[in-house]
Enquirer: 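Here it is: the structure, laid out below.
Convention: sequence-line order gives letters A, B, ...; per-chain numbering from 1.
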Protein chains: 2
Amino acid sequence: MSETLKHLLNVDRIIHEPARLMIMAILSATESADFLYLLNATGLTRGNLSSHLTKLEKAGYVQIEKTFVGKIPRTICRLTPAGSEALELYLNQMQTVLNKTITNTEKQ
Amino acid sequence: MSETLKHLLNVDRIIHEPARLMIMAILSATESADFLYLLNATGLTRGNLSSHLTKLEKAGYVQIEKTFVGKIPRTICRLTPAGSEALELYLNQMQTVLNKTITNTEKQ
DNA sequence: GAAGACTGGTTTGTATTGCAAACTTGTTTG
DNA sequence: CAAACAAGTTTGCAATACAAACCAGTCTTC
């Protein structure tokens, strides 16, 4: 069991951060979303959303596209292939660890 | 779905840190463990293990007991009731979020 | 019996974060 | 044209997580 647990140390920290996991999860479900949608869906402040998005972009996990709708700027975000791959890997790892741990806690 | 996800922002950061989740998971399975056992089981350095344990102790999640075996000091750690409660809560929350997210990623 | 190695940790230093608040650039409204 | 609003970005700071240095005591070995 220890071996499974040790995977935790290598878990993707970019995704492990709750705020970013939320963002990734939303993007994985919606294909694409704009800044305001994410803002509302996550409950983050604009500042935090902005910096998390930048971090995800630098990691190559989301692609950020800036356009204008009329004269108002609009930021559209979508998961990259690398992003959804990384998300899937993260989910599987965590899932495995959680299951192991849960069955253990139940045992006693 | 958004509501479930937002729980992520309130997830217990003490437990969310991978190193500490490992420690908590091990303790929940073994009832009690000494420093060296944890050291080996987690693969952490002594310094990190020490400081994570202190943090868990301050949070009231583990109880740390120092004894001597012969002339050699020995540190025994066990989960407190508050600790195992917090762990269980964390596991349930994460489990829920992961399941939601996984079914969403599968949909596409 | 003293030099060095080992046990079992704790403390310190540093670089990275995550968050909130302030700022920016432009647009619309009264 | 002044004030309010939209859509973000940048800045400042306090809290972390890790590694490396340190420490107190014990054992070995020559």
Side-chain angles (χ1 to χ4, degrees), chain A residues 5-27 32-59 61-78 90, chain B residues 5-27 32-59 61-78 90:
Chain A
L5 269 186
K6 282 187 184 172
H7 293 335
L8 266 178
L9 292 180
N10 303 323
V11 106
D12 189 335
R13 297 288 186 140
I14 297 283
I15 299 184
H16 191 60
E17 167 60 29
R20 286 190 297 261
L21 179 51
M22 287 182 66
I23 296 174
M24 301 276 288
I26 291 169
L27 291 181
S32 85
D34 64 13
F35 193 90
L36 289 183
Y37 178 84
L38 288 176
L39 191 62
N40 179 56
T42 60
L44 293 168
T45 62
R46 286 195 294 275
N48 288 339
L49 179 54
S50 173
S51 60
H52 284 307
L53 282 177
T54 311
K55 202 153 293 185
L56 288 170
E57 186 186 21
K58 276 184 185 152
Y61 290 173
V62 309
Q63 176 197 349
I64 293 178
E65 196 187 322
K66 294 189 177 292
T67 59
F68 277 87
V69 174
K71 295 178 176 177
I72 293 176
R74 186 162 185 233
T75 301
I76 295 174
C77 314
R78 46 174 59 90
Y90 173 84
Chain B
L5 269 186
K6 280 187 184 172
H7 292 335
L8 267 178
L9 292 180
N10 303 323
V11 106
D12 189 335
R13 297 288 186 141
I14 297 283
I15 299 183
H16 191 60
E17 167 61 31
R20 288 192 293 263
L21 179 52
M22 287 182 68
I23 295 173
M24 301 275 289
I26 291 169
L27 290 181
S32 85
D34 63 13
F35 192 90
L36 288 183
Y37 178 85
L38 287 176
L39 193 61
N40 179 57
T42 59
L44 294 168
T45 63
R46 286 195 293 275
N48 287 340
L49 178 54
S50 174
S51 60
H52 284 307
L53 282 176
T54 311
K55 202 152 292 188
L56 288 170
E57 186 186 22
K58 276 184 185 153
Y61 290 173
V62 308
Q63 176 197 352
I64 293 177
E65 197 187 321
K66 291 184 179 294
T67 60
F68 277 87
V69 174
K71 296 179 175 175
I72 292 175
R74 189 167 184 227
T75 301
I76 296 173
C77 314
R78 47 173 59 90
Y90 172 84

Enquirer: Once rounded to the nearest 0.5 Å, what's the spacing between atom OH of A/Y61 and atom CD1 of A/I15?
Expert: 5.0 Å
Enquirer: Whole angstroms only, please: what is the CG-C1' distance between B/L44 and C/dT10?
Expert: 15 Å
Enquirer: Taking the side chain of A/H52 as heavy atoms from C-beta outward, which of C/dG18, C/dG8, D/dA6 is closest to it?
Expert: C/dG18
Enquirer: D/dA6, C/dA20, D/dA17: which one has an atom nearest the side-chain heavy atoms of A/I72?
Expert: D/dA6
Enquirer: Within the 4.0 Å heavy-atom criterion, would you say B/L36 contacts the bases, only the backbone, or no part of the nucleic acid?
Expert: sugar-phosphate
Enquirer: Which is more 5' along DNA chain C, the nucleotide nearest A/K71 or the one nearest A/A19? Just name the residue.
Expert: A/A19
Enquirer: Which nucleotide, C/dG8, D/dA17, C/dG18, lies nearest any side-chain atom of B/E17?
Expert: D/dA17
Enquirer: Find the distance A/I15:CD1 to C/dT17:P and express it as a whole number of Å.
Expert: 15 Å
Enquirer: Send over the distance from A/I23 CD1 to C/dG18 C1', rounded to a whole Å.
Expert: 12 Å
Enquirer: Calculate, to the nearest 0.5 Å, the distance between atoms CG and CG belonging to B/L39 and B/L53 respectively.
Expert: 10.0 Å
Enquirer: Could you check B/K55 against B/R46 and say which one's nearest nucleotide on DNA chain D is further toward the 5' end?
Expert: B/K55
Enquirer: Rounded to whole Å, please give me the gap between CG in B/L39 and C1' in D/dA19.
Expert: 14 Å
Enquirer: Could you tell me the separation between the CG atom of B/D34 and the CZ atom of B/R74, rounded to the nearest 0.5 Å?
Expert: 4.5 Å
Enquirer: Between atom CG of A/L38 and atom OG1 of A/T75, what is the distance when rounded to the nearest 0.5 Å?
Expert: 10.0 Å
Enquirer: Where the side chain of A/R20 is defined as all heavy atoms beyond and including C-beta, which of C/dT17, D/dA17, C/dC19 is the nearest nucleotide?
Expert: C/dT17
Enquirer: How long is the span from the NE2 atom in A/H52 to the OG1 atom in A/T54, to the nearest 0.5 Å?
Expert: 10.0 Å
Enquirer: Is there a side-chain contact between A/S50 and the phosphate of D/dT9, meaning an N or O under 4.0 Å from OP1 or OP2?
Expert: yes
Enquirer: When you measure from the side chain of A/K66, which nucleotide among C/dA20, C/dG8, D/dG8 comes out closest?
Expert: D/dG8
Enquirer: Look at the side chain of A/F35 and decide which nucleotide, out of C/dG8, D/dG8, D/dA19, has an atom nearest to it.
Expert: D/dG8
Enquirer: For B/R74 and D/dT26, give me the distance from atom CZ to atom P, rounded to whole Å.
Expert: 17 Å
Enquirer: If you only use heavy atoms from C-beta on, which nucleotide in C/dC19, D/dG8, D/dT16 is closest to the side chain of A/T75?
Expert: D/dG8
Enquirer: What is the distance, to the nearest angstrom, from the CG atom on B/L49 to the P atom on C/dG8?
Expert: 13 Å
Enquirer: Nearest to the side chain of A/N48, heavy atoms from C-beta on, is which of D/dA19, C/dT17, C/dC19?
Expert: C/dC19
Enquirer: Which nucleotide in the list D/dC18, D/dA17, C/dC19 gets nearest to the side chain of B/R13?
Expert: C/dC19
Enquirer: Could you state the CD-P distance from B/E65 to C/dG8, rounded to the nearest angstrom?
Expert: 17 Å
Enquirer: Taking all non-hydrogen atoms of both residues into account, name the closest pair between B/K6 and A/A41 and its distance.
Expert: CE-O, 3.0 Å
Enquirer: To the nearest Å, give me how far apart NE2 (B/H16) and C1' (D/dA15) are.
Expert: 16 Å
Enquirer: Closest to the B/P73 side chain: C/dG8, D/dT9, C/dC19?
Expert: C/dG8
